[in-house]
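Okay, so here's the structure we're looking at.
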Amino acid sequence: MRIRVAGDTPSTMTLDVGDGEIIATDADGDGEWVAKVEPARLGSGEHTITARTSGGASASATLVVTNDGAQLTWFDVDGAASTPRLHRVDGADGLELWLTWADRSEGNRAPWLQRIDGAGRFVGDRVKLIDSDEEIHYARTAVGEGTIGVLYQEIGGPYTNYFAIVGFDGKVLAGPMALDPSNMYGSYGGDIRYDGSGYVIAWRSNDGMGGGEVRWLRIGEASLETTGPVMVAASGAGDENDPTGGFDPFTFLTIEIVGDDAAIGFVRKHYDAALEFAIPKAQVALVGRDGSVRSTQFIAPVEDFTWHHELRLFPIGDEVVTLWASDDLTSSETNTPTDFFART
């Protein structure tokens, strides 16, 4: 447990924990004291911890010890809860945690927002983010400066993609905006990020005949200025004449911000001449804030006899790390092991 002291640094600090005391230390002399508190000694429940300094100052906080977690939904009541995402938000009182997800607690599946405190307890009532007469299967969210961007999918061929900007009270501030072209339908998958001043979205559309696209759009949070939509990748024949193939029905999209650009990761098929059929390969596209597609490349050699699974992107500092799963098609094992690879 860390205790920060403002003003004059005391010579000692003691914590009243349960029926005993723990001595805190300030090894660096910077006013940040550290005390080792063993949860097993306290047992499950809420415990009041009081810190006392040699100068007579004191402060108390509540420590929650539990291994049960907190449950928001029940399958037999709410159905499967989809697309959960935890957000760290700079609030008026410091860092806040907000959770978004979708469930059928009120009949049709809808997206919800719930604040959580540092102890994993729910704060206040949950808020419905999108109030629709249709079933919302998936709702992927990003948090901006006081608003929430919601990329969601309703039923329709098999899905229809929409985007809206809402407040933390559930009030719709912009949208909803239909994202799929008039002659196309929505496909599974999508992702959204906030780039500092606007929401950047990636989603998939299909033509109903096996063809599909990955599309990109940026919307300013305050200005609502729209750039795009831009077609980032499209299905090809996936044969010897046109090696670039299409997308499986369940294809995950992941997007991360890299400076002024957005990196979009996905898996698509590519024709392998030696095997004489198209196999899934991971690909990353880089799109500028102005909507220009700067590059689209496979993250590994396309003829290395490996079958790629889901691809994910993770921001680390100023770089993005790609992580993907791969099966070796030359393996002699009955159950081919799946390997995981990462690269910047």
Side-chain angles (χ1 to χ4, degrees), residues 83 85-88 100 138-144 148-153 161 163 179 186-205 212-221 225-236 244-248 250-270 280-302 304 306 308-326 339-344:
T83 51
R85 181 167 289 182
L86 185 64
H87 301 279
R88 296 160 58 94
T100 59
Y138 308 101
R140 300 167 175 92
T141 56
V143 173
I148 302 171
V150 185
L151 171 65
Y152 63 98
Q153 295 182 300
N161 289 296
F163 171 75
L179 297 176
S187 299
Y188 174 83
D191 205 1
I192 178 173
R193 289 293 183 272
Y194 182 71
D195 67 3
S197 60
Y199 293 104
V200 184
I201 311 163
W203 75 97
R204 295 199 308 129
S205 299
E213 298 177 352
V214 175
R215 303 175 70 84
W216 171 99
L217 181 73
R218 183 185 186 276
I219 301 177
E221 179 184 23
E225 180 181 355
T226 300
T227 305
V230 173
M231 193 265 289
V232 176
S235 296
T244 301
F247 308 90
D248 283 332
F250 278 84
T251 296
F252 294 90
L253 292 183
T254 177
I255 185 170
E256 289 295 345
I257 304 302
V258 189
D260 288 334
D261 301 333
I264 304 172
F266 47 89
V267 172
R268 65 177 318 160
K269 293 182 179 179
H270 188 278
K281 291 292 182 179
Q283 192 173 49
V284 175
L286 197 64
V287 183
R289 184 174 288 197
D290 61 357
S292 59
V293 181
R294 304 193 187 283
S295 64
T296 303
Q297 59 183 0
F298 292 97
I299 61 175
V302 294
D304 62 354
T306 60
H308 291 177
H309 299 288
E310 182 179 352
L311 167 71
R312 291 295 177 119
L313 304 179
F314 297 93
I316 298 180
D318 295 329
E319 296 184 330
V320 168
V321 173
T322 58
L323 176 68
W324 74 99
S326 175
D339 298 316
F340 291 86
F341 298 91
R343 63 176 295 182
T344 57

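When reading the values below, keep in mind they use all heavy atoms of this one structure, side chains included, and skip hydrogens, waters and symmetry mates.
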List for me each residue that meets salt bridge (Lys or Arg N to Asp or Glu O under 4.0 Å) alongside Asp195, sequence neighbours excluded, and say none if there are none. Arg218, Arg289

All side-chain contact (heavy atoms from CB on, under 4.5 Å) counterparts of Ala285, not counting sequence neighbours: Val232, Phe266, Thr296

Give me the atom names and distance for the closest heavy-atom approach of Val258 to Val320. CG2-CG2, 3.2 Å

Minimum heavy-atom separation for Leu313 to Ala263, with atom names? CD1-O, 3.3 Å

With a 4.5 Å limit on heavy-atom distance, are the side chains of Lys269 and Asp248 in contact? yes

In Å, rounded to the nearest 0.5 Å, how long is the span from OG1 of Thr344 to CZ of Phe314? 14.5 Å

Counting only N and O atoms by type, is there a donor-acceptor contact under 3.5 Å from the side chain of Thr254 to the main-chain atoms of Gly265? no

Mind checking what makes side-chain contact (heavy atoms from CB on, under 4.5 Å) contact with Ser187, not counting sequence neighbours? Arg204, Asn206

Has Thr83 got a side-chain atom pairing as donor or acceptor with Ala139's backbone, closer than 3.5 angstrom? yes

Strictly distance-based, threshold 3.5 Å: is any side-chain N or O of Arg215 a donor or acceptor partner for the main-chain N or O of Ser205? no

Output for pair (Glu310 CD, Thr251 OG1), nearest 0.5 Å, gives 10.0 Å

On a heavy-atom basis, which atom in Gly212 and which in Phe247 lie closest, and how many Å separate them? O-CE1, 3.7 Å

Partner set under ring pair (Phe, Tyr, Trp, His ring centres under 6.0 Å) for His87, not counting sequence neighbours: none

Nearest 0.5 Å please: distance from the CD atom of Glu256 over to the CZ atom of Arg312. 10.0 Å

Quick one: salt bridge (Lys or Arg N to Asp or Glu O under 4.0 Å) partners of Asp339, sequence neighbours excluded? none

Check the pair Leu179 / Leu151 against side chain to side chain contact (heavy atoms under 4.5 Å, CB included), numbers first and verdict last. CA-CA 9 Å; Leu179 297 176; Leu151 171 65; 3.5 Å; yes

Between CD1 of Ile192 and CG of Leu253, what distance do you get to the nearest 0.5 Å? 13.0 Å

Show the nearest heavy-atom pair for residues Glu213 and Ala234, with the distance to one decimal. CG-CB, 4.1 Å

Quick one, Leu311 and Val284 - any side-chain contact, counting heavy atoms below 4.5 Å? yes

What are the two closest heavy atoms between Ala262 and Val200, and how far apart are they? CB-CG1, 3.9 Å

Identify the two heavy atoms, one from Leu323 and one from Ala342, that lie closest to each other, and give their separation to 0.1 Å. CD1-CB, 4.1 Å

Okay, side chain of Thr141, backbone of Val150: is any donor-acceptor separation there less than 3.5 Å? no

So, using salt bridge (Lys or Arg N to Asp or Glu O under 4.0 Å) as the criterion, who are the partners of Glu225 when residues are at least two apart? none

Report the residue from His270, Arg268, Gln297 that forms a side chain to side chain donor-acceptor pair (under 3.5 Å) with Gln283. Arg268

Quick one: list whatever passes salt bridge (Lys or Arg N to Asp or Glu O under 4.0 Å) with Glu221, sequence neighbours left out. none

With sequence neighbours excluded, what pairs up with Asp191 under the side chain to side chain donor-acceptor pair (under 3.5 Å) test? Arg85, Arg193

For Tyr188, the ring pair (Phe, Tyr, Trp, His ring centres under 6.0 Å) test, sequence neighbours excluded, returns Tyr138, Phe250, Phe252

Report the residues that fulfil ring pair (Phe, Tyr, Trp, His ring centres under 6.0 Å) with Phe341, sequence neighbours left out, ordered by chain and then residue number. Trp324

Those residues that, when tested against Val230, pass side-chain contact (heavy atoms from CB on, under 4.5 Å) (two or more places apart): Trp216, Val293

For Thr306, what residues pass the side chain to side chain donor-acceptor pair (under 3.5 Å) criterion, not counting sequence neighbours? Lys281, Asp304, His308

